[in-house]
*Asks:* 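First the structure, which I've put down as structure tokens, then a few questions once you've had a look.
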Amino acid sequence: MTGPLHDLRATLDAALADLGLPAPKSAPSLEAPRQADHGDVATNAAMLVAKAAGRQPREVAQELADALAARLGPALASAEVAGPGFLNLRLADAWYIEALGTVLAAGDSWGGGGADPVRRINLEFVSANPTGPIHVGGTRNAAYGDALGRILSFQGHAVHREFYVNDYGSQVRRLGESVQARARGQEPPEGGYLGAYVTELAAQIEGAADLPVDEVAQLAVELMVAQAQESLARFHVIFDRWFSERDLHEGSPTPVEHAFDVLEQQGRTFREDGALWLRTTEFGDDKDRVLERSSGEHTYFASDIAYHQEKRERGFDLLIDVWGADHHGYVPRMHAAYRALGGGADELELLIMQFVHLVEGGERGKMSKRAGEFVTLDDLVGDIGVDAARWFLLARSHDTTIDLDLDLARQQSSENPVFYVQYAHARIASVLRKAGPELVAQALAAGDVAPSEGLHPGERALLRRVAELPDEVREAAERRAPHRIASYALETAQLFSAFYRDCQVVGAEPQAEAFRLRLAVAAQRALASALDLLGISAPQEM
RNA sequence: GCGCCCGUAGCUCAGUGGAUAGAGCGCUCGCCUCCGGAGCGAGAGGUCGCAAGUUCGAAUCUUGCCGGGCGCGCCA
């Protein structure tokens with residue numbers, strides 16, 4: 001990955017090497033300081049290096065300043081030592097102007113690429129039981145998994161998206177029994193499914209009252225899966241594969257039997273009390289787990305192991321599963337099982353999504369799944385729309401529970417952050433329309449132009465943020481943290497608004513107009529990319 | 001009891017070793033002869049749950065406590 005900031009970091013590393021001191025243990029910071037009067041970028045490099053060298057940090061910082069001045073030449077306006085040994089750098093307009101050229105040259109791909117090495121990743125998410133509609137928890141999982149997939153793909157990884165369909169076992173039979181009961185005008189049995197959708201399924205399945213219950217169950221599951229596919233597609237979430245759990249129990253040997261063979265060859269299984277066990281405690285689990293009950297039936301865990309073995313054999317470098325918080329207790333045994341199969345500890349990543357509470361009128365809504373009253377993906381999207389739903393589900397870290405304020409999400413004004421970001425994008429489009437395609441094309445071809453009076457601080461700040469996109473994408477990818485992209489989009493929109501307020505674009509003196517049109521295009525692309533990574537639309541007008 | 005996640009402004013949350021801790025909402029006060037006012041600006045508001053420790057430096061790392069959520073089946 002290249003870019004102006006990447007180049008600056010490389011220069012910093014080189015300047016540090018010039019000093020002939022031992023390399024720092026951790027990478028030096030290179031960030032915009034909070035205080036504007038601390039310059040454009042600041043680094044703690046001298047403090048990190050000075051300790052190991054037994055030198056005074058401020059002294060080392062001054063030597064580093066000299067080395068950087070020599071390497072950067074006119075691109076560096078000033079370098080000052082501050083505080084305990086920070087080095088505050090002020091970059092010349094020339095640096096910014098060249099940076100803008102680099103950003104624009106990358107076109108729509110600015111911020112992307114950089115995957116090294118490129119990995120083949122299987123990303124499994126949602127995987128909601130097909131015994132009911134997808135609810136808000138599954139919706140968060142869908143938004144998160146999809147955005148993570150978009151980010152990893154943007155970086156250049158080969159991402160395969162998969163939904164594991166639990167269409168096998170006792171719960172499916174229970175769904176069939178519930179549907180059949182409704183078809184007969186009866187209440188579902190104890191422990192059955194109570195939602196209104198069960199009655200709808202009964203009406204959709206011809207002969208549901210009289211068909212064998214297993215057949216009713218299969219038809220019901222097929223309808224539920226089709227419904228999930230439609231809902232997710234409307235939510236802009238598309239999977240490469242819907243993997244059927246049933247397939248793990250077919251063939252000879254079945255994938256489950258095959259997985260058992262693998263585990264046995266690895267010497268990880270044993271029989272006790274008539275059951276087949278997996279010694280997961282060898283890999284850090286609290287207790288060993290049953291694979292095959294004394295009754296001869298396989299556990300759900302057995303299916304899951306077989307599924308992961310199957311994914312392994314398809315040749316991925318990395319398996320990522322996105323699970324709901326209610327399954328987090330299951331993480332240690334799955335990791336243990338994967339290693340028992342012979343897999344590497346770093347080949348399987350299990351990510352846990354925390355819960356979502358919907359808030360309306362300042363109160364948390366009650367979502368009792370047992371009573372069959374819960375807010376579904378379709379309900380949420382119908383209420384606040386795809387873009388707002390995705391924004392509010394993605395703007396927070398996946399490992400914190402969130403309260404989603406429906407009143408705020410519904411607002412079509414700048415009080416709503418997603419609207420604010422989209423508005424900034426549309427406003428840039430409006431400015432570019434005002435300028436007209438010819439003027440914009442000329443500006444893009446103009447090369448290193450700049451306002452004759454020098455750059456405005458608002459121009460520097462916006463450009464700086466646009467230049468940071470690759471770093472933000474990399475951080476979001478490495479930390480599996482799409483919410484960073486949402487923060488980035490909001491900040492970039494704010495910086496554009498400030499720039500727009502302070503700097504007249506269309507009608508400014510020709511040099512300034514050309515530079516500002518170039519900057520507007522770059523900012524628009526950065527906003528569009530950020531929104532696209534979140535699966536949110538970037539409108540030309542609103 | 002054990003395990004995982006969380007505790008930062010009135011509310012919802014960013015911030016995984018750097019300087020005076022940020023944003024959105026809410027609240028108060030301003031701004032329409034000016035490229036989109038569906039907008040913009042300013043302000044008030046904080047013992048970063050508590051206490052020790054590591055460090056030149058801790059919201060961030062360690063340990064212990066307190067509080068909240070979730071999970072601990074030969075269920076799926």
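Here is the naming used below: chain letters follow the sequence lines, and residue numbers restart at 1 for every chain.
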*Asks:* I'd like to know if A:H328 reaches the base of B:rG3 with its side chain such that a donor and an acceptor end up less than 3.5 angstrom apart.
*Replies:* yes
*Asks:* So does A:Q494 get a side-chain nitrogen or oxygen closer than 4.0 Å to the phosphate oxygens (OP1/OP2) of B:rG24?
*Replies:*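 Checking A:Q494 against B:rG24: at least one side-chain N or O falls below 4.0 Å of OP1 or OP2.
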*Asks:* Using the P atom on both, measure B:rC65 against B:rA23 and round to a whole Å.
*Replies:* 36 Å
*Asks:* Name the orientation of the base relative to the sugar in B:rC32: syn if the glycosidic angle is within 90° of 0, else anti.
*Replies:*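 This nucleotide is in syn.
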*Asks:* Once you round it to whole Å, what is the distance between C1' of B:rC35 and CG of A:L432?
*Replies:*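 It is 11 Å, rounded to the nearest whole Å.
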*Asks:* Pick base, sugar-phosphate or nothing for A:Q504, based on heavy-atom distances below 4.0 Å to the nucleic acid.
*Replies:*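 If one applies the 4.0 Å heavy-atom cut-off, A:Q504 turns out to touch a base.
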*Asks:* Between A:D288 (side chain) and A:T281 (backbone), is there a donor-acceptor pair under 3.5 Å?
*Replies:*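 Pair found, side chain donor or acceptor close to backbone of A:T281.
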*Asks:* Respond yes when some side-chain nitrogen or oxygen of A:R484 is under 4.0 Å from OP1 or OP2 of B:rU16, and no when none is.
*Replies:*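 So the side-chain polar atoms of A:R484 do come within 4.0 Å of the phosphate oxygens OP1 or OP2 of B:rU16, strictly under.
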*Asks:* Taking only side-chain nitrogens and oxygens of A:R433, does any of them come within less than 4.0 Å of OP1 or OP2 of B:rC35?
*Replies:*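 For B:rC35, OP1/OP2 do not have a side-chain N/O of A:R433 under 4.0 Å.
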*Asks:* In terms of relative ring orientation, are A:H327 and A:Y330 parallel, tilted or perpendicular, with 30° and 60° separating the classes?
*Replies:*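 Ring orientation, 0 to 90° scale: perpendicular.
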*Asks:* In sequence, state the C-alpha distance, the side-chain angles, and the governing distance for A:E282 and A:R339, and then conclude on salt bridge (charged side-chain N to carboxylate O under 4.0 Å, His left out).
*Replies:* CA-CA 9 Å; A:E282 284 186 13; A:R339 296 195 58 198; over 6 Å; no
*Asks:* Do the side-chain N or O atoms of A:R289 get closer than 4.0 angstrom to the phosphate oxygens (OP1, OP2) of B:rC74?
*Replies:*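 Looking at the OP1 and OP2 atoms of B:rC74, neither is under 4.0 Å from any side-chain N or O of A:R289.
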*Asks:* Does B:rC40 have OP1 or OP2 under 4.0 Å away from a side-chain N or O of A:Y420?
*Replies:* yes
*Asks:* Measure from the side chain of A:T299, starting at C-beta and using heavy atoms only, and say which of B:rA19, B:rC35, B:rA76 lies closest.
*Replies:* B:rA76
*Asks:* Counting heavy atoms from C-beta on, name the nucleotide in B:rC74, B:rU16, B:rG24 closest to the side chain of A:R293.
*Replies:* B:rC74
*Asks:* Kindly point out which of B:rG69, B:rC74, B:rA14 is positioned nearest to the side chain of A:H483?
*Replies:*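 Nearest to the side chain of A:H483 among the choices is B:rA14.
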*Asks:* Strictly below 4.0 Å: does A:R501 bring a side-chain N or O up to OP1 or OP2 of B:rG41?
*Replies:* yes
*Asks:* In whole Å, what separates the C1' atom of B:rU16 from that of B:rA59?
*Replies:* 10 Å
*Asks:* Please determine whether a side-chain nitrogen or oxygen atom of A:K287 lies at a distance below 4.0 Å from atom OP1 or OP2 of B:rC74.
*Replies:* yes
*Asks:* Does A:S487 make a side-chain N or O approach to OP1 or OP2 of B:rA14 shorter than 4.0 Å?
*Replies:*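 It does not, given that no N or O in the side chain of A:S487 lies less than 4.0 Å from OP1 or OP2 of B:rA14.
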*Asks:* Got a donor-acceptor contact below 3.5 angstrom from the A:E509 side chain to the A:A512 backbone?
*Replies:*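 Answer holds: yes.
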*Asks:* Quick one: sort the A:Y338 and A:H308 rings into parallel, tilted or perpendicular, breaks at 30° and 60°.
*Replies:*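 Because their plane-to-plane angle is over 60°, the rings of A:Y338 and A:H308 count as perpendicular.
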